[in-house]
Amino acid sequence: DGGITQSPKYLFRKEGQNVTLSCEQNLNHDAMYWYRQDPGQGLRLIYYSQIVNDFQKGDIAEGYSVSREKKESFPLTVTSAQKNPTAFYLCASKEGPLGEQFFGPGTRLTVL
Amino acid sequence: AQSVTQLGSHVSVSEGALVLLRCNYSSSVPPYLFWYVQYPNQGLQLLLKYTSAATLVKGINGFEAEFKKSETSFHLTKPSAHMSDAAEYFCAVSGPGSGYALNFGKGTSLLVTP
């Protein structure tokens with residue numbers, strides 16, 4: 001089955017630690033996205049990548065970093081510079097400008 | 001910049017009643033508009049999308065939405081609510097900026113009562 005996988009489903013982090021969230025897709029999509037979801041705020045764009053080895057900052061990129069070394073993979077690192085990282089993180093991919101954006105099941109990050 | 005506003009963070013309907021979730025958009029170019037549904041602790045699933053073809057768009061699970069340029073609206077409707085429709089619904093817009101990423105509204109939580 002084609003789709004997007006995210007791991008882990010739940011992640012706990014101590015303050016001051018960097019953590020990396022995994023996102024893998026086997027849909028052969030060029031474009032991939034990371035969103036952050038907070039209660040009552042909808043989803044906000046963190047980073048996006050339209051092609052391998054290229055990525056761009058979204059609306060709330062501060063404290064986050066990404067890489068796109070392979071078409072299938074778009075990991076997100078939440079760094080210690082992110083002041084309020086507790087949130088639900090969603091990865092998505094898309095075939096083209098008008099294509100459907102497919103979402104992964106999400107990772108819930110909690111800072112202890 | 002393109003944006004959407006969802007009116008009503010919570011909507012409650014009786015089972016069998018009409019569902020109406022409101023979304024207004026702001027865009028300087030013809031928008032691409034979407035409605036997504038999210039069940040608790042899950043990802044988002046596309047209900048329907050408008051990409052400048054027919055103004056009345058039919059989606060999955062009996063939902064439909066009408067694009068009204070004069071009102072800058074893209075409201076989501078379903079004639080008869082089921083208990084299984086209880087979820088969070090998001091309206092979104094995309095365009096050439098940010099790699100055609102989605103710009104989401106804040107969501108509307110739909111409660112269906114027996």
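The shown structure was predicted, so the numbers you read here are calculated from the model rather than taken from an experiment. Sequence lines set the chain letters: A, B, ... in the order given, protein chains first and strands last, and positions in each chain run from 1.
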**Asked** Can you check salt bridge (Lys or Arg N to Asp or Glu O under 4.0 Å) on Lys78(B) and Asp85(B), steps first, answer last?
**Response** CA-CA 10 Å; Lys78(B) 182 175 180 177; Asp85(B) 293 327; 2.9 Å; yes
**Item:** Structural part of Lys94(A) lying under 4.5 Å from a heavy atom of chain B
**Value:** side chain
**Complete:** Max heavy-atom pairs within cutoff under 4.5 Å with chain B, candidates Tyr48(A), Phe88(A), Phe102(A), goes to Tyr48(A)
**Prompt:** Does any heavy atom of chain A fall under 4.5 Å from the side chain of Ser94(B), the backbone, both, or neither of them?
**Reply:** side chain
**Request:** Tell me, for Thr51(B) versus chain A, whether the close heavy atoms (under 4.5 Å) come from the side chain, the backbone, both or neither.
**Result:** side chain
**Request:** Identify which one of Val78(A), Thr77(A), Leu21(A), Thr79(A) satisfies the side chain to side chain contact (heavy atoms under 4.5 Å, CB included) criterion when paired with Tyr64(A).
**Result:** Val78(A)
**Request:** Could you label the plane-to-plane angle of the Phe63(B) and Tyr89(B) rings as parallel, tilted or perpendicular, counting under 30° as parallel and over 60° as perpendicular?
**Result:** tilted
**Message:** Does any backbone or side-chain atom of Gln45(B) lie under 4.5 Å from a heavy atom of chain A? Answer side chain, backbone, both or neither.
**Reply:** neither
**Prompt:** Of the backbone (N, CA, C, O) and the side chain (C-beta and beyond), which part of Gln6(A) lies under 4.5 Å from a heavy atom of chain B, both, or neither?
**Reply:** neither
**Request:** Considering only NZ, NE, NH1 and NH2 on the basic side and carboxylate oxygens on the acidic side, decide whether Arg44(A) and Asp38(A) come within less than 4.0 Å.
**Result:** yes
**Complete:** Comparing Gly95(B), Ala101(B), Gly107(B) against chain A, the one with the most heavy-atom pairs below 4.5 Å turns out to be Ala101(B)
**Fill in**
One should read off an interatomic distance between Ser109(B) OG and Glu88(B) CD, to the nearest 0.5 angstrom, of 5.0 Å
**Prompt:** Does Gly99(B) offer a backbone N or O that forms a donor-acceptor pair with the side chain of Tyr33(A) under 3.5 Å?
**Reply:** yes
**Request:** Output yes when a side-chain donor or acceptor of Gln17(A) lies under 3.5 Å from a complementary backbone atom of Lys14(A), and no otherwise.
**Result:** yes
**Item:** Gln41(A) versus chain B, the contacting section by heavy-atom distance below 4.5 Å
**Value:** backbone
**Item:** Interface moiety of Leu43(A) toward chain B, non-hydrogen atoms closer than 4.5 Å
**Value:** both
